[in-house]
Amino acid sequence: MFNEKIYRQRRERLREQIKSGIALFIGNEESPMNYHSNPYHFRQDSSFLYFFGLDSSSLVGIVAVDEGKDLIFGDDISVEDIIWMGEMPSLKERALQVGVNHTAPLKDLRDVLKKALKGGKKIHYCPPYRPETVLKISQLLGIHPEMVKDYSSEELIKAVVEQRSVKIPEEIEEMEKAHEVTYEMYLAAMKMAKPGRYERELAGQMEGICQAAGCYLAFPTILTINGQILHNHYHGNKLQEGRLLVVDSGAESSMHYASDITRTFPIGGKFTKKQKDIYSIVLSAQEAAIRAIKPGIPYKDVHLIAVRIITQGLKDLGLIKGNPEDAARAGAHALFFPHGLGHMIGLDVHDMENLGEDYVGYNHTVKRSEQFGLAYLRLAKKLQPYYVVTVEPGIYFIPALIDKWIAEKKFQEFIDYDRVNQYRDFGGVRIEDDVLVTETGYKILGKSIPKAISDVEDSTAKA
Ligand code: GLY
Ligand code: MN
Ligand code: MN
């Protein structure tokens, strides 16, 4: 964990932001896989980690604004726990490590909250994403489970988003650690990408490298010869020479800061002409978008830079026709690039997404578009120094979407469907890096993982 001062300062700042009441942070529980004592890998709630730092289950933190007091509720472990799970410092000792001087048993939480409510205090909480947390809040505050999300505090959400969006040097260092591991994961996967191997062998190797380095995956690995399926988690295909492999993966550091990288490489180690054409467009779009990153630029504008390059590139290949600017404005490019350019990243790979994408990526200056494609843009607002964002354009040939648009005669003035049909079995290309917004521009996190065509070919196994 970080120095206790960091957690104290964060809670102090929260007190200034929300002005009155109690901010309630419910930590996560162990989550059973198939029976109680066989749980999934434990993952603490990210906002709890951010303000209270403790990475173990069954804890609740409160920031009492008016009293200027922080408190952690939890229970010391029993001898029975020690027999099965080993020793653990007392709650008091653990709380002191994150600068919290007051602790209490979990059974006292309800009364403390009841008393606060009686005294007219507002209890602020973030929208829960696990059912057991919904039930806890329901029981603690007497709210019907279906209404728990609706009563979450917009004031707290905005305060948490404001703090967590701007990364401090210690957090960036953690993200760099995640990238060191991710670099090794990618170079290993590229070396293994020989025809005849199975996707799962590469995915397993990447996960093994991640765990051996003391990290966990930040999200389930996407590693697929069917890159046109954007979040494809199936790993059962055999690698075939001539196909592209899309690998979208990332580690989280031991303190849970994430990386999120995508590379696309040719199985057999050599891009075909057709693959090179598409890959080059995506790479140009990604590099131009990264170069545009600086404080003050709306991320929507960065997205639109990528859109323009992709649309022009597809026009040059004869897949898009007419005026490319008009095609992009109308949204015709979304047949090939149906997602947004990127998202914030930090303690969550899609940082703070559980707090509400519109709070994280939008504000009063920019509203979410309803246009297909642009509507999926997770981040549109102006960038600020020390945001960390992903930049991940792609071009995909999705047969079901192509057929739908053909049937609907959609954008016939902008799309040459005969030409598009020649690419039906192409798959997809995506390239993704994580970028820190600096005071004056940008910095790509991590050691450079091959992405120029010749570097990718040199690093990928030869057939
Ligand atoms: N790894 C999922 C994404 O890139 O958003
Ligand atoms: Mn990704
Ligand atoms: Mn991403």
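Just follow the structure's listing: the first ligand is 1, and inside any ligand the first atom is 1.
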Looking at D248, pick out the N, O or S atom nearest to the Mn ion (ligand 2) and give its name. OD1

Do any of the N, O or S atoms of H343 sit under 2.8 Å from the Mn ion (ligand 3)? yes

K367 atom NZ, over 12 foreign heavy atoms within 6.0 Å: yes

Is atom CD of E408 surrounded by more than 12 heavy atoms (other residues, nucleotides or ligands) closer than 6.0 Å? yes

Closer than 4.0 angstrom: is that true for some heavy atom of V349 and an atom of ligand 1? no

Heavy-atom pair of closest approach, residues V60 and F48: C-CE1, 3.9 Å

With a 6.0 Å cut-off on the ring centroids, do Y396 and H339 count as close? yes

Result of checking F271, F426, F265 against Y279 for ring pair (Phe, Tyr, Trp, His ring centres under 6.0 Å): F271

When distances are taken from atom 5 (O) of ligand 1, the protein heavy atom at minimum range is H350 NE2, 2.7 Å

Quick one: look up the protein heavy atom nearest atom 4 (O) of ligand 1 and list residue, atom name and how far away it is. E392 OE1, 2.9 Å

Within 45° of the ring axis of F52 and under 6.0 Å from its six-membered ring centre, is that where the NZ or CZ of R11 lies? yes

Between E170 and M255, is the side-chain contact (heavy atoms from CB on, under 4.5 Å) condition met? List the steps. CA-CA 11 Å; E170 289 85 345; M255 286 184 60; over 6 Å; no

I'd like the atom name of the N/O/S atom in E392 lying closest to the Mn ion (ligand 3). OE2

Distance under 4.0 Å to a non-hydrogen atom of [X]: what atoms of ligand 1 satisfy this?
X	result
E432	4 (O)
F219	1 (N)
H343	3 (C), 4 (O), 5 (O)

For the metal site, I want the angle between atom OE2 of E432 and atom OD2 of D260 with the Mn ion (ligand 3) at the apex, to 10°. 80°

